[in-house]
Every structure is written in C-alpha cells, then in structure tokens.
Amino acid sequence: MTSPDVSLLAHGLASRPGREWWRSAVIYQIYPRSFADANGDGIGDLRGIAAHLDDLLDLGVDAIWLSPFMTSPQKDAGYDVADYCDVDPLFGTLADFDELLAQAHGRGIRLIVDLVPNHSSDQHVWFQAALAAEPGSPERARYMFRDGKGANGEIAPNNWESVFGGPAWTRIVEADGTPGQWYLHLFDSSQPDFDWSNPEVWAEFRRILRFWLDRGVDGFRVDVAHGLVKAEGLPDYTPHPEGGSMGGDEADVPYWGQRGVHDVYRDWHKVLAEYDGDRALCAEAWLPTIEKTALWVRPDEMHQAFNFAYLETPWKETELKDVIDESLRDYAAIGAPSTWVLSNHDVVRHASRLALTAENPQGSGVGPRSAGQPIPELGLRRARAATALMLALPGSSYLYQGEELGLPEVIDLPDDARQDPTWFRTHGEKYGRDGCRVPLPWEASAPAYGFNDTGAAWLPQPAEWARFACEVQRGDDSSTLSMYRDALRARRAHGLGLGALEWLPAQADVLAFRNGEVTVLTNFGATPVEIPEGSEVLLSSEPLAGTAIPQDVTVWLVAAP
Ligand code: GLC
Ligand code: CA
C-alpha cells in the first residue's frame with residue numbers, strides 16, 4: 001500500500017462541503033465480497049476495504065459505492081437482504097462499517113450504500129411472518145401473494161418470467177401443510193417482491209433510509225429502481241424476445257417503469273433533504289431510452305441514474321456520438337448530469353465486452369462454450385480508450401473495481417464454481433455474472449494475489465492474473481492503473497466533470513470534442529490521426545510512439561505553452 005498523497009485530500013468533501021458533489025463525482029463501485037478479505041475466509045469484507053482506502057485515495061476517486069453488505073443468506077450475493085439495518089457477519093459488524101465510513105470521510109472520500117427496495121430475502125422476518133400467516137392477512141399484504149389459477153390454484157397467477165430465468169411465481173405450502181398461494185419474485189425465488197401499494201412498506205423504507213443517513217452515509221444506489229410498482233391487476237405480459245431482461249424495448253411493461261414508482265422517490269428525496277451534507281440517490285433503472293431514464297432524475301426525485309444506454313453502446317464512433325449527444329440533451333433538459341458507466345457487477349467487463357466477436361445480451365455472460373469469444377488485447381486497448389473518452393465527458397462517472405487494472409471477464413470458470421442464480425435458473429444456458437466478480441489481484445506472488453493471506457477465494461482467480469496485480473501496475477507508467485490515475489488527476493485539474501462538450505470537426509472514424517481547455521480525440525479507424533500542431537498531450541490511453549494517434553486510442557490535448 002502507498003502512503004496517501006496529501007495533495008489529494010483536498011479533492012473531495014474537504015474542498016466541496018457545498019452542494020451537489022454528485023454532479024461531477026467519479027464514484028468507485030466496491031463489490032465487497034471480491035475486493036479484499038481481511039480475515040482470510042475467501043470472501044472480501046469491510047475491514048479489507050478499510051485497509052485499501054489509501055489505494056483509492058491514490059487512484060483519485062471522489063466516492064465509493066458499496067454493493068450490499070447487509071444481513072443476507074447470499075442467494076444473490078447480498079441482493080437478497082434479510083435485515084436492512086445490520087451487517088452480515090460475513091462482511092463484519094456495524095462497528096466495522098462505522099469505522100470504514102469514518103476512515104473514508106477522513107480521507108475526503110464519500111460513501112454511498114446499496115439499497116434493495118424491490119424485494120427482500122425470503123429469510124426476512126416479514127416474509128417468514130407472511131408464510132406463517134393466513135392468506136389475506138396484513139403479514140401477506142407486505143408482499144405480492146396471490147391465489148393461483150385453475151381448479152386447485154395450481155397455475156401461476158400470471159405468465160411473468162423471472163429476470164434470472166424460469167417463472168416469476170413460486171407456490172408456497174400453507175402452515176397447515178396444504179398447497180397454498182403464490183408469491184411474486186421478479187428475480188430468484190429467494191427474493192420475494194414487496195407490495196409497494198402498502199403504506200407499511202413505505203414507512204419501513206423511510207426508516208431504513210434514516211438508519212443509514214443517521215450513520216453518515218452520503219447516499220444510496222437504488223437497486224432495480226424501475227421495479228417496485230406493478231400494474232394494477234398484474235396483467236399477463238410476454239417480453240419481446242430481443243428486448244433484454246431488465247428493460248426491454250417496449251413501451252409498457254407491467255413491472256418496469258410504472259408511473260407510481262416516481263412517488264416513492266419523491267418521498268425519499270424529502271427524507272434525504274432533511275439531512276445536511278448533500279446526500280444523493282442513484283437509480284439503477286434499465287429502461288429502453290435515455291429520455292425515459294431521465295424521468296428518474298427530475299429535480300424532486302433522484303440525483304443520478306446510470307446511463308446504461310451508454311454502457312450498451314458498441315465501440316463505434318457514430319453510435320457513441322449519438323448516445324453522448326442524446327444523453328447531454330435529455331439530461332440537461334431537466335437539469336441533471338449524465339452518469340456515465342462502462343462496467344459493473346452485472347455486465348461483462350468492458351475490457352472483454354468491447355472486443356466480443358458476437359453479440360452478448362446483458363445478463364447472459366460469457367463462458368467457455370459461448371460463441372463470439374473476446375479478443376483480449378483488442379479488448380483491453382479499446383477499454384482504455386473508452387475509459388479515457390468517458391472520463392473526459394462532463395457529468396459523473398462510475399468505475400467498477402478492477403477496471404482500473406484492466407481486468408478482463410473471467411471466461412473459463414469451472415461450472416461447479418459458478419454461483420450466479422442465473423446459471424442455475426437457466427440450467428447453464430446463461431453463464432450469468434460470475435465472470436466479472438472474481439476477487440481482485442493486489443500482489444503478483446502472494447496467496448490469492450494478496451486478496452487475503454490464506455489463498456482462499458470464493459471464485460477461483462485465473463493463473464495469468466499476476467500481471468494484472470495492483471502492485472505490478474503501480475510502478476509502471478504505461479499500465480492501465482497509471483492511466484486511470486493520471487486521467488482522474490487531469491480530469492480534476494481541468495474541471496472536466498463540470499465542463500461542457502463542444503464537438504470539433506474530424507476525419508472519418510474519429511471523435512473529437514473540446515471540454516474547456518482540453519481537446520479529446522478518439523481514433524476508431526485504421527488511419528492514424530496526426531496530433532494537431534501547437535498541442536501537448538495531457539493523457540493518452542496508450543503510450544504514443546510518434547506524433548500520430550493510432551487506432552483505438554484516446555488522447556487528451558491542451559495548448560502547448
Ligand atoms: C440489480 C443488481 C443485481 C441483482 C438484481 C436483483 O440488478 O445490480 O446484481 O441481482 O438487481 O437485486
Ligand atoms: Ca472475509
């Protein structure tokens with residue numbers, strides 16, 4: 001670990017106690033189980049995170065987002081919460097959380113936590129009480145219990161399918177042992193959906209928000225923020241086969257983006273506003289258009305919404321230009337920043353995704369038997385260029401742990417190591433998301449590459465990961481880690497996050513724009529682009545050999561002194 005660069009202490013809350021830090025922040029997603037493991041059981045934990053805060057300070061991020069670490073049976077890696085107001089023993093204790101938060105704040109790094117309001121775990125006391133109670137009881141009314149159809153209630157209440165595959169309904173056995181009602185779960189059967197038409201659910205989530213706000217968190221990433229409210233009468237719905245599981249291309253899906261969901265966030269907005277210090281909500285809402293996603297960040301709702309349209313855009317200059325234009329236009333129209341993102345714990349890492357040789361719908365994953373395997377060198381080169389492009393755009397950006405090391409998707413995980421419910425619910429037809437969740441390599445020759453000191457890892461790390469280790473890259477100016485670090489410093493120094501984009505004329509296959517005093521060029525084509533005279537290279541996504549920008553490289557330029 002390096003010692004903190006004190007010049008950076010000024011970058012975060014220390015220098016911006018004021019308003020709306022989230023408009024330009026670079027927020028680093030930590031997936032706790034795979035970040036760093038302090039007690040050596042093979043699963044990352046809160047103390048492991050605390051031990052690496054100086055690395056994040058050195059990297060130069062403004063904030064971190066922690067994926068769920070609350071009490072959970074871990075059927076969906078913590079997105080199945082049994083107690084929203086406690087820490088799972090796997091990850092530590094509430095005291096460990098408080099210590100981590102204090103340590104982060106002490107370094108000027110803000111911290112937001114994941115909130116999962118669409119569903120709980122089936123081990124949540126409310127769901128257990130619902131199972132023990134009668135049909136029609138107040139306990140059942142907190143979830144979506146319905147009688148089945150057919151003579152004996154043996155047919156599911158409607159035809160909805162789970163995002164992870166298979167039916168979205170499971171039939172229970174009543175307390176007296178007879179086959180009973182069905183409950184809705186848009187995800188795994190261990191993740192029953194709450195009924196958001198029930199005021200008790202609203203009150204409970206206000207309490208949960210306050211619990212974490214009182215501890216001092218800077219905000220929440222809100223899981224499945226387009227779910228929660230379901231259309232009256234739960235009408236049958238058959239998604240378009242090419243629609244994608246989390247949003248689809250269709251206008252009216254009875255469980256995504258229902259109008260009433262916005263009332264929930266207006267309510268939460270008010271709760272956050274009761275607190276000092278500028279707390280923020282970020283929507284995970286997979287919706288078919290940017291225009292629709294922008295509804296989640298109207299002035300009285302959330303503050304950020306992941307720009308998944310951007311994430312899903314292929315490495316093509318015209319398509320990227322269009323999505324950037326559309327994003328800046330649609331978000332600006334309501335006074336919100338765009339929240340750029342290229343990777344997270346649900347998608348194929350962009351160092352692989354950008355060089356897949358076939359389509360890969362989000363959620364399917366890539367495994368050894370997938371058609372269209374990625375080309376690793378090309379993927380990493382494009383990923384670096386894509387990141388350098390993204391970090392030059394005005395707005396906020398999210399980074400996913402390990403992308404700063406250039407980690408690829410792990411393709412050849414053994415079948416028996418896989419843990420994503422998608423893998424099980426589709427009987428291996430979809431690999432799911434384990435390939436982007438493999439524990440991080442910190443050191444080249446330590447057990448588990450320094451993830452812990454016992455060598456245990458909940459998913460096996462590839463043999464060739466020694467070269468990606470943080471320690472190896474730190475001293476190398478041409479490494480991916482150095483590029484991220486340099487980009488974050490230059491981004492801050494030139495105020496790019498709060499800047500404005502102006503396109504510049506460019507030759508075919510090139511994107512060129514100005515953001516303040518910085519000119520950004522990305523070359524997608526085979527013809528090298530000459531660096532304009534009178535400019536100096538501030539950042540390049542690859543080391544440059546001469547005065548030309550080769551294919552799949554982004555450079556940032558400033559006027560030469
Ligand atoms: C979100 C999470 C994902 C999880 C799902 C269900 O999409 O990012 O990891 O499986 O919601 O909670
Ligand atoms: Ca551990």
Side-chain angles (χ1 to χ4, degrees), residues 29-52 65-70 72-82 84 87-93 96 113-122 124 162-165 168 184-194 220-228 244-247 255-256 282-287 305-306 308 311 341 343-348 362-363 365 398 400 419-425 430 432-437 439-440 447-448 451-458:
Q29 178 188 358
I30 292 183
Y31 195 65
R33 56 172 44 236
S34 303
F35 186 73
D37 172 23
N39 70 354
D41 64 355
I43 299 182
D45 42 48
L46 297 181
R47 287 182 178 221
I49 299 170
H52 282 287
W65 147 36
L66 297 184
S67 277
F69 52 83
M70 294 82 185
S72 160
Q74 305 290 321
K75 293 282 168 51
D76 183 22
Y79 283 94
D80 49 321
V81 181
Y84 288 84
V87 173
D88 195 283
L90 258 187
F91 300 117
T93 63
D96 292 334
V113 298
D114 217 309
L115 185 68
V116 188
N118 180 69
H119 46 264
S120 71
S121 158
D122 61 357
H124 192 287
S162 153
V163 170
F164 294 154
L184 176 70
H185 50 86
L186 292 182
F187 295 89
D188 188 52
S189 57
S190 64
Q191 294 167 297
D193 282 46
F194 285 114
F220 302 87
R221 175 268 190 189
V222 180
D223 191 63
V224 197
H226 58 322
L228 282 64
S245 53
M246 280 284 268
Y255 40 85
W256 300 139
C282 177
E284 187 224 14
W286 292 87
L287 292 150
F306 291 113
F308 290 130
L311 182 151
V341 58
S343 276
N344 65 35
H345 66 293
D346 291 327
V347 301
V348 174
Q362 99 86 15
Y398 277 71
Y400 174 51
Q419 305 209 14
D420 186 347
T422 310
W423 167 256
F424 298 105
R425 292 185 62 88
K430 293 185 178 180
R433 305 158 294 174
D434 291 317
C436 65
R437 299 175 173 181
L440 293 191
F451 172 60
N452 53 29
D453 53 21
T454 60
W458 72 278

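Each ligand, and each atom within it, is numbered from 1 in the order the structure gives. Position 1 is the first residue of the sequence; numbering continues from there.
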Mark up the atoms of ligand 1 that fall under 4.0 Å of a heavy atom belonging to [X], in ascending order.
X: V224; value: 1 (C), 11 (O)
X: R433; value: 3 (C), 4 (C), 9 (O), 10 (O)
X: H119; value: 6 (C), 12 (O)
X: R437; value: 9 (O)

For S67 and Y79, does a side-chain donor sit closer than 3.5 Å to a side-chain acceptor? yes
Option passing side-chain contact (heavy atoms from CB on, under 4.5 Å) with E284 (candidates D346, V222, N118): D346
Could you point out which residue of L440, I49, L46 forms a side-chain contact (heavy atoms from CB on, under 4.5 Å) with I30? I49
Say you draw a straight line from [atom1] of [X] to [atom2] of [Y]; how long is it, rounded to the nearest 0.5 Å?
X: N344; Y: R221; atom1: CG; atom2: CZ; value: 7.0 Å
X: R33; Y: D45; atom1: CZ; atom2: CG; value: 11.5 Å
X: Q74; Y: D80; atom1: CD; atom2: CG; value: 6.5 Å
X: R47; Y: T93; atom1: CZ; atom2: OG1; value: 6.5 Å

Output all residues satisfying salt bridge (charged side-chain N to carboxylate O under 4.0 Å, His left out) with D76, sequence neighbours left out; order by chain, then residue number. R433
For D188, salt bridge (charged side-chain N to carboxylate O under 4.0 Å, His left out) partners two or more places apart: R425
Tell me every residue that passes ring pair (Phe, Tyr, Trp, His ring centres under 6.0 Å) with F308, counting only those two or more places apart in sequence or in another chain. W286, F306
For ligand 1, is any non-hydrogen atom under 4.0 Å from F164's backbone (N, CA, C, O), its side chain (CB onward), both, or neither? side chain
So for R221 against ligand 1, with non-hydrogen atoms under 4.0 Å, the contacting part is side chain
Looking at ligand 1, is there an atom of it that comes within less than 4.0 Å of some heavy atom belonging to H185? no
Non-hydrogen atoms of K75 versus ligand 1: any pair closer than 4.0 Å? no
Give me the number of protein N, O or S atoms whose distance to the Ca ion (ligand 2) is under 3.0 Å. 5
Compute the shortest N/O to N/O distance between W286 and ligand 1 and return yes if it is under 3.5 Å, no if not. no
Going by heavy atoms in the side chains, are S190 and D122 under 4.5 Å from each other? yes
Give the single entry among N344, V347, D223 that approaches atom 2 (C) of ligand 1 most closely by any heavy atom. D223
